[in-house]
Amino acid sequence: MSELISLQDIHFAYPGGAPVLCGLDLTLSAGERLSIGGHNGAGKSTLLHILVGLLRPSRGRVVAFGAERAEEKDFYEVRRRAGLVFQDPDDQLFCPTVAEDVAFGPLNLGKSRQEAMAIVEEVLARLDLAAYRDRITHKLSGGEKRLVTLAAVLAMEPDVLLLDEPTNALDIDNKVRLTEILLSLPQAMILVSHDHGFRNDIATRTLMLVEGRLTERPPRCVAGRSPAAPAA
C-alpha cells in the first residue's frame with residue numbers, strides 16, 4: 001500500500017503546559033481506516049490538527065502526499081486533500097443554509113456556482129440528506145450538524161478523512177447510518193473516538209495514544225484471562 005501520511009518523531013506542548021506528544025510516529029497508507037484511542041487530554045485532537053497544519057510541532061517531520069510540510073504554504077494542499085471533520089460541528093458550519101455550507105468548499109476550490117451546486121446535490125443525496133438542503137444550519141440538532149459537516153468535507157473530494165469524535169451527539173440510528181456511510185467510502189481515514197464499538201466496526205487498524213506516543217492496541221485476552229480495559 002502506498003503511504004499517504006507520515007509523522008516522524010513529533011514533539012508538541014501547549015504554551016506553559018506539559019508535553020502532549022513525545023516522539024510520536026504514525027503512518028497512514030491508502031485504503032487504511034486507522035483508529036486512535038486514548039484518555040481525555042492524551043493529544044488525539046492535537047495530532048489531527050498537526051496533520052493539517054493548524055498546530056506546529058516543536059520537533060519532528062510531517063510528510064503528507066509525498067512531500068514534507070513545514071511552512072503554512074505547504075499545508076494548503078494538505079487541507080484540500082485531507083478533510084478534517086471537527087469534534088464540534090459549530091467550529092465548521094457557518095453559512096446560513098446546509099446547501100451553502102456544503103457548497104463553500106467546492107467554490108473555494110474554484111468550481112463555478114453551477115458546478116458547486118451539482119456537487120451539493122450529489123453529496124446530500126449520497127448521504128440521504130437531500131431533505132436538509134435548505135434547512136437553516138444553526139437550527140439543526142447536534143447529530144444533524146455532525147452529518148452535514150461530513151457532507152461539507154466530502155464535497156471537497158478529499159483523499160483522506162480525519163474524523164474527530166464523529167459519533168458525538170448521534171443517536172443509535174444515525175450512528176448506524178454513519179457507520180454504513182464510512183464503510184462505503186474509498187478514502188483512507190484516521191478516526192479519533194471514545195466509542196469502542198464504533199471503532200471496532202470501522203477500523204482496519206487501532207492504535208492507542210499513551211504518554212505522548214502511539215502504541216499497538218493490546219490484545220483483549222492474554223493466556224485465557226481478560227486484561228485491564230484499555231483507556232477509552
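When a residue number appears, it is its place in the shown sequence, counting from 1. Keep in mind that the numbers below use all heavy atoms, side chains included, and drop hydrogens, waters and symmetry copies.
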Trace of the side-chain contact (heavy atoms from CB on, under 4.5 Å) decision for Phe75 with Val62: CA-CA 10 Å; Phe75 285 96; Val62 178; 4.2 Å; yes
Working for side-chain contact (heavy atoms from CB on, under 4.5 Å), residues Gln187 and Asp159: CA-CA 6 Å; Gln187 285 93 344; Asp159 298 306; 5.7 Å; no
Residues Phe198, Leu182; criterion side-chain contact (heavy atoms from CB on, under 4.5 Å); working and verdict: CA-CA 11 Å; Phe198 181 73; Leu182 295 180; 3.7 Å; yes
Audit row: Leu140, Val98, side-chain contact (heavy atoms from CB on, under 4.5 Å) steps and yes/no: CA-CA 9 Å; Leu140 298 176; Val98 167; 3.7 Å; yes
Ser6 and Gln8: CA distance, side-chain angles, deciding distance, side-chain hydrogen bond (donor to acceptor under 3.5 Å, both in side chains) verdict: CA-CA 6 Å; Ser6 173; Gln8 302 167 17; 3.1 Å; yes
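Under the salt bridge (Lys or Arg N to Asp or Glu O under 4.0 Å) criterion, Arg69 pairs with Glu77, sequence neighbours left out. With sequence neighbours excluded, the residues that form a salt bridge (Lys or Arg N to Asp or Glu O under 4.0 Å) with Glu122 are Arg126.
Closest non-hydrogen pair, Leu124 versus Ala151, comes out as CD2-CB, 4.2 Å. Ser193 and Arg199 make their closest contact through O-NH1, 2.6 Å (heavy atoms, listed as atom of the first residue, atom of the second, distance). Heavy-atom minimum distance, Leu109 versus Arg80: CD2-CD, 3.5 Å. When all heavy atoms of Ala13 and Pro19 are compared, the pair lying nearest together is CB-CA, 3.8 Å. Ala99 and Met117 get closest at one heavy-atom pair: CB-CE, 4.1 Å. Residues Ala155 and Pro106 share a closest heavy-atom pair of O-CG, 3.5 Å.
Leu54 and Val153 fall into different hydrophobic clusters, where Ile, Leu, Val, Met, Phe, Trp and Tyr are joined by side-chain heavy atoms under 4.5 Å apart, directly or via other members. A chain of hydrophobic side-chain contacts below 4.5 Å, direct or via other Ile, Leu, Val, Met, Phe, Trp or Tyr residues, connects Leu183 to Val85. Note on Leu26: it clusters hydrophobically with Leu48, by side-chain heavy-atom contacts below 4.5 Å among ILVMFWY residues. Ile190 and Leu209 fall within a single hydrophobic cluster, where Ile, Leu, Val, Met, Phe, Trp and Tyr side chains are chained together by heavy-atom contacts under 4.5 Å. Residues Leu34 and Leu191 do not share a hydrophobic cluster, clusters being chains of Ile/Leu/Val/Met/Phe/Trp/Tyr side chains in contact below 4.5 Å.
A donor and an acceptor atom, one from each side chain of Asp201 and Thr179, are nowhere located under 3.5 Å apart.
Taken from CG in Leu154 to CG in Leu185, the straight-line distance is 5.5 Å, to the nearest 0.5 Å. With rounding to the nearest 0.5 Å, the separation of OG in Ser45 from CD1 in Ile50 is 11.0 Å. Atom-to-atom distance recorded for Leu84:CG and Gln92:CD is 6.5 Å, nearest 0.5 angstrom. Atom CG in Asp164 sits 9.0 Å away from atom CZ in Phe86 (nearest 0.5 Å). Annotation: the span from Asp91 atom CG to Asp88 atom CG amounts to 4.5 Å, rounded to 0.5 Å. A distance of 9.5 Å separates CE in Met189 from OG1 in Thr204, rounded to the nearest 0.5 Å.
Residue pairs meeting the salt bridge (Lys or Arg N to Asp or Glu O under 4.0 Å) criterion with at least one partner in residues 100-118, sequence neighbours excluded, are absent. Contacts classified as salt bridge (Lys or Arg N to Asp or Glu O under 4.0 Å) and involving residues 133-143 (residues at least two apart or in different chains) are given here: Glu121-Arg133, Arg135-Glu144. Residue pairs meeting the salt bridge (Lys or Arg N to Asp or Glu O under 4.0 Å) criterion with at least one partner in residues 175-195, sequence neighbours excluded, are Lys175-Asp195. Residue pairs meeting the salt bridge (Lys or Arg N to Asp or Glu O under 4.0 Å) criterion with at least one partner in residues 54-68, sequence neighbours excluded, are Asp9-Arg59, Arg56-Glu72, Arg61-Glu68.
At least one side-chain heavy atom of Asn168 sits under 4.5 Å from a side-chain heavy atom of Arg146. Counting heavy atoms from C-beta outward, Val20 and Leu47 have side chains that stay 4.5 Å or more apart. Counting only heavy atoms from C-beta outward, the side chains of Thr46 and Leu55 approach each other to under 4.5 Å. The closest side-chain heavy-atom distance from Leu51 to Leu7 is below 4.5 Å. By the 4.5 Å heavy-atom criterion applied to side chains, Asp173 and Val176 are not counted as neighbours. Leu214 places none of its side-chain heavy atoms less than 4.5 Å from the side chain of Asp25. Two residues are said to be in side-chain contact when any heavy atoms from C-beta on lie closer than 4.5 Å; Pro57 and His11 fail this criterion. At least one side-chain heavy atom of Glu216 sits under 4.5 Å from a side-chain heavy atom of Arg205.
Looking only at distances, no side-chain donor or acceptor of Asn174 sits under 3.5 Å from a matching main-chain atom of Asp171. In this structure a side-chain-to-backbone donor-acceptor pair under 3.5 Å is present from Lys44 to Gly38. Between the side chain of Arg33 and the backbone N or O of Ala188, no donor-acceptor pair lies under 3.5 Å.
In this pair, Phe94 and Phe104 present their aromatic rings perpendicular. The plane angle is above 60°, beyond the 30 to 60° band.
A 6.0 Å sphere centred on CD1 of Ile136 holds more than 12 heavy atoms belonging to other residues, nucleotides or ligands.
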